[in-house]
Amino acid sequence: MDVEMPLPTLSPAVPAFVKLGLTVAYTAFYSLLFIFVYVQLWLILHYKHKRFSYQTVFLFLCLLWAALRTILFSFYFKDFMLANSFGPFVFWLLYCFPVCLQFFTLSLMNLYFTQVIFKAKSKYYPDLQKYRLPLRLTFLLASLLFLVVNLTCALLVKITHTETRAVVFVRVAINDTLFVLCAISLSVSLYKIAKMSLANIYLESKGSSLFQTIAVGVVIISLYTSRACYNFVAIALTSNNHINTFDYDWYNVSDQADLQIQLGDKGYLVFGVILFIWELLPTTLVVLFFRVRRPIQSQVFCCCRLRMACHVLMDSPPGLFSSIILDAMTVMMT
């Protein structure tokens, strides 16, 4: 008499304990960053820094980003299915809006370093001040365009079930082109700052050295540019009818704005790694660069810098010496 053998069963692509461990790690990373940024915002009040500044806006954007990512990954502890079946707006808010926040920070970094250049050249080129408003409007319009395109395309797919490939292609083409253009603009600003001694003094008066500024800028530019290239390649490698590249049943675009198929085990693993490399790392660098410093330390650092300039330029002609020192003091006080 033949004995019926049980049908073979398929084991999960990723063991449950691995998925749980990843969820704990992701949630812990984002939670720690949230707490760190929250403390920084309180330190602004404690040290009586300027409440509305580039530093405050940067930290607030990063705080909101960390909060949204923490909430998203908290759903993966018990209700994995719910995390894949949010309503259109909640889905966009948790999965897609953090990418918009990252673009806002990149645009703001462009404005910040442009301001450094303007302050360093303000005495010799006062006409540069008239370009401040057009630059601010340009980056504001770019941010609004990024937000509108991201929101519209995500809702089109989730609500109207429009042809996914066309929507994804339009969104990736516009959004990642904006990322690349902002990265190029930031690299140009950093190149100019590296050649300006007064810009270096201004940065050091804020507690940042030229090396730190260049290093953070290069890493952020590289990460955002590589992310845009990854998205372009992911779209280019898709078939004509659907998107399921790299053998995963999910849309292999890093911001997941058009995710329709449920995020499976492998997809969840890759999704977490992508967010860690292209989101958590650059955001953490921005937070560390704009962290709150003690006012006394900044003043002592500026005095040391000014004293060094005095020693170096002591043999220079009197007129040149006084002009350079006056410029340096003007930059540090602004």
Side-chain angles (χ1 to χ4, degrees), residues 19-20 22-35 37-38 60-106 143-172 174-176 178-179 227 231 234 242-244 248-276 278-280 282-283:
K19 188 164 58 179
L20 177 61
L22 290 173
T23 302
V24 171
Y26 296 149
T27 308
F29 282 134
Y30 295 119
S31 300
L32 290 174
L33 184 62
F34 176 86
I35 295 172
V37 178
Y38 185 75
F60 179 78
L61 291 177
C62 293
L63 182 75
L64 182 57
W65 175 88
L68 291 175
R69 284 308 186 203
T70 303
I71 294 172
L72 172 62
F73 280 100
S74 65
F75 281 99
Y76 284 97
F77 277 104
K78 292 184 178 180
D79 203 344
F80 199 92
M81 299 298 294
L82 178 61
N84 290 318
S85 57
F86 290 126
F89 180 75
V90 176
F91 173 86
W92 175 83
L93 183 66
L94 295 181
Y95 277 97
C96 317
F97 185 57
V99 184
C100 298
L101 293 176
Q102 281 199 303
F103 182 78
F104 298 161
T105 58
L106 183 61
S143 298
L144 289 176
L145 177 61
F146 192 98
L147 178 64
V148 170
V149 170
N150 189 281
L151 177 60
T152 302
C153 292
L155 294 182
L156 278 176
V157 172
K158 296 292 289 185
I159 296 177
T160 64
H161 303 289
T162 309
E163 183 184 355
T164 305
R165 178 178 172 80
V167 174
V168 174
F169 182 81
V170 170
R171 180 181 55 78
V172 169
I174 296 176
N175 290 355
D176 289 304
L178 290 175
F179 258 117
R227 178 179 188 156
N231 288 342
H242 60 282
I243 299 176
N244 61 348
Y248 295 127
D249 248 354
W250 60 297
Y251 296 153
N252 214 349
V253 179
S254 63
D255 54 21
Q256 296 296 288
D258 315 290
L259 177 68
Q260 278 191 318
I261 303 174
Q262 291 181 352
L263 201 61
D265 291 340
K266 288 184 178 179
Y268 178 65
L269 174 62
V270 178
F271 180 58
V273 173
I274 285 174
L275 294 188
F276 183 86
W278 282 321
E279 286 198 4
L280 184 61
T283 304

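Just so it is clear, the model here is predicted, and its values are computed rather than measured. Quick note: numbers below take in every heavy atom, side chains included, and nothing from hydrogens, waters or symmetry partners.
Qualifying ring-ring contact (aromatic ring centres under 6.0 Å, His included) partners for Phe29, counting only residues two or more places apart in sequence or in other chains: Phe276. Taking Phe103 as the reference, Phe146, Phe179 meet the ring-ring contact (aromatic ring centres under 6.0 Å, His included) condition, with sequence neighbours excluded. By the side-chain contact (heavy atoms from CB on, under 4.5 Å) test, Leu32 is found to be paired with no residue, residues two or more places apart in sequence or in another chain being considered. Applying the ring-ring contact (aromatic ring centres under 6.0 Å, His included) rule to Tyr30 yields the partners Trp65, Phe73; only residues at least two apart in sequence or on another chain are considered. Leu147 is linked by a side-chain contact (heavy atoms from CB on, under 4.5 Å) to Trp92, Phe97, Cys100, Phe104, counting only residues two or more places apart in sequence or in another chain. Take Thr105 and apply the side chain to side chain donor-acceptor pair (under 3.5 Å) test, not counting sequence neighbours, and it matches no residue.
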Verify side chain to side chain contact (heavy atoms under 4.5 Å, CB included) between Tyr76 and Val24, making sure each step is shown before the conclusion. CA-CA 9 Å; Tyr76 284 97; Val24 171; over 6 Å; no

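Val99 and Arg227 get closest at one heavy-atom pair: CG2-NH2, 3.6 Å.
Leu63 pairs with exactly one of Leu101, Ile35, Val37 by the side chain to side chain contact (heavy atoms under 4.5 Å, CB included) rule, that one being Val37.
To the nearest 0.5 angstrom, Gln102 atom CD is 8.5 Å from Cys62 atom SG. Going from atom CD1 of Ile71 over to atom CG of Leu93 covers 8.0 Å, rounded to the nearest 0.5 Å. Rounding to the nearest 0.5 angstrom, the gap separating the OG1 atom in Thr283 from the CG atom in Leu61 is 10.0 Å. Here Leu72 contributes atom CG and Leu68 contributes atom CG; the two are 9.0 Å apart, rounded to the nearest 0.5 Å.
Side chain of Arg69 to main chain of Leu64: no donor-acceptor pair is present (N/O by atom type, distance under 3.5 Å, no hydrogens or angles).
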